[in-house]
Visitor: 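Got a structure for you, written out below as structure tokens; questions coming shortly.
In this text, all values refer to a predicted model and were calculated from it rather than measured experimentally. We're numbering straight along the sequence, starting at 1.
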Amino acid sequence: MTIKVGDELAFQCGYGSGYWRIHKVEKITPTGLIKCGGYTLDHDLRVRGQGRYSGPYRGKLVTQEIRDAVKRQHYFQKVSLIRPENLTTSQLERIAAIIAEEA
């Protein structure tokens with residue numbers, strides 16, 4: 001696997017949460033260390049300096065599945081911030097119709 005500056009790597013953050021963050025590779029040192037998203041990685045994408053219970057532990061090449069998960073995370077976060085009492089009756093009605101499709 002050859003990583004270049006500008007490539008995107010994904011990091012799974014948060015204990016058991018599956019929360020993904022995507023960062024571009026900023027620099028590759030002459031010794032082969034990869035600088036990306038505030039992390040330093042070995043050539044095998046293992047994150048250096050992470051403690052036993054902290055993370056992320058490894059970067060991954062970005063796949064469409066990871067991109068889809070990030071998109072889902074984004075929308076889930078937006079929906080979780082909605083205060084229903086601030087929505088109009090029409091908006092609530094449309095949301096209820098979407099939920100009814102799922103049932």
Side-chain angles (χ1 to χ4, degrees):
M1 134 181 49
T2 304
I3 303 294
K4 305 176 299 301
V5 171
D7 286 351
E8 291 181 318
L9 298 177
F11 299 89
Q12 200 164 22
C13 303
Y15 181 74
S17 68
Y19 182 78
W20 288 99
R21 291 189 180 165
I22 296 175
H23 299 284
K24 286 190 178 189
V25 173
E26 301 143 12
K27 178 181 178 181
I28 300 177
T29 69
T31 59
L33 295 179
I34 300 165
K35 305 287 186 170
C36 182
Y39 302 112
T40 300
L41 295 85
D42 289 324
H43 69 283
D44 64 355
L45 303 184
R46 185 179 58 83
V47 176
R48 296 174 62 98
Q50 293 298 339
R52 185 173 174 190
Y53 296 107
S54 61
Y57 303 107
R58 181 170 303 281
K60 286 184 74 169
L61 293 173
V62 177
T63 63
Q64 188 58 48
E65 182 178 77
I66 292 172
R67 286 190 195 286
D68 292 345
V70 169
K71 187 175 184 178
R72 182 174 169 82
Q73 287 167 196
H74 170 76
Y75 287 120
F76 185 81
Q77 190 172 34
K78 286 187 80 138
V79 168
S80 70
L81 295 175
I82 292 173
R83 296 185 53 122
E85 61 272 13
N86 295 336
L87 298 175
T88 66
T89 301
S90 176
Q91 290 170 322
L92 289 168
E93 187 175 30
R94 290 193 313 261
I95 291 168
I98 291 169
I99 292 170
E101 290 174 13
E102 198 53 38

Visitor: State plainly whether one hydrophobic cluster holds both Tyr19 and Tyr75, where clusters connect Ile, Leu, Val, Met, Phe, Trp and Tyr through side-chain heavy atoms under 4.5 angstrom apart.
Guide: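 Hydrophobic grouping puts Tyr19 apart from Tyr75.
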Visitor: Please list all pairs passing the salt bridge (charged side-chain N to carboxylate O under 4.0 Å, His left out) test where one or both residues lie in residues 71-97, with sequence neighbours left out.
Guide: Arg83-Glu85
Visitor: Does the side chain of Ile95 reach to within under 4.5 Å of the side chain of Leu87, using non-hydrogen atoms?
Guide: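 Result yes, sub-4.5 Å side-chain heavy-atom pair found.
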Visitor: Please, which pairs that meet salt bridge (charged side-chain N to carboxylate O under 4.0 Å, His left out) have at least one residue in residues 31-40, sequence neighbours excluded?
Guide: none
Visitor: Mind checking the CD-CD1 spacing from Gln91 to Ile82? Nearest 0.5 Å is all I need.
Guide: 8.5 Å
Visitor: Any heavy-atom pair between the side chains of Ile34 and Asp42 that's under 4.5 Å?
Guide: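 They are not in contact (no side-chain heavy atoms under 4.5 Å apart), so the answer is no.
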Visitor: Could you list who else is in Leu81's hydrophobic cluster, with ILVMFWY side chains joined at under 4.5 Å, directly or through other members?
Guide: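 Direct or chained contacts put Leu81 with none.
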Visitor: Give the cluster check for Leu9 versus Leu33: same hydrophobic cluster or not, with ILVMFWY residues linked at side-chain heavy-atom distances below 4.5 Å.
Guide: no
Visitor: Parallel, tilted or perpendicular: which describes the rings of His23 and Tyr39, with under 30° parallel and over 60° perpendicular?
Guide: perpendicular
Visitor: For Lys24 and Cys36, which heavy atoms make the closest approach, and how far apart are they?
Guide: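 Of all heavy-atom pairs spanning Lys24 and Cys36, the closest is O-SG, 3.5 Å.
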Visitor: Transitive ILVMFWY cluster of Trp20 at side-chain heavy atoms under 4.5 Å: who else is in it?
Guide: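 Cluster partners of Trp20: Ile22, Val62, Ile66, Val70.
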Visitor: I'd like to know whether Thr2 forms a side-chain contact (heavy atoms from CB on, under 4.5 Å) with Asp7, so could you lay out the CA-CA distance, the side-chain angles of the two residues, the decisive distance to 0.1 Å, and finally the verdict.
Guide: CA-CA 10 Å; Thr2 304; Asp7 286 351; over 6 Å; no
Visitor: Tell me every residue that passes side chain to side chain donor-acceptor pair (under 3.5 Å) with Gln73, counting only those two or more places apart in sequence or in another chain.
Guide: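 Partners of Gln73 under the side chain to side chain donor-acceptor pair (under 3.5 Å) test: none.
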Visitor: Closer than 3.5 angstrom, by distance alone: can the side chain of Gln77 be matched with the main-chain N or O of His74 as a donor-acceptor pair?
Guide: no
Visitor: Taking only residues at least two apart or on different chains, which pairs with a member in residues 56-68 satisfy salt bridge (charged side-chain N to carboxylate O under 4.0 Å, His left out)?
Guide: Glu8-Arg67
Visitor: Going by the rule side chain to side chain donor-acceptor pair (under 3.5 Å), which residues pair with Thr29 if we only count those two or more places apart in sequence or in a different chain?
Guide: Thr31
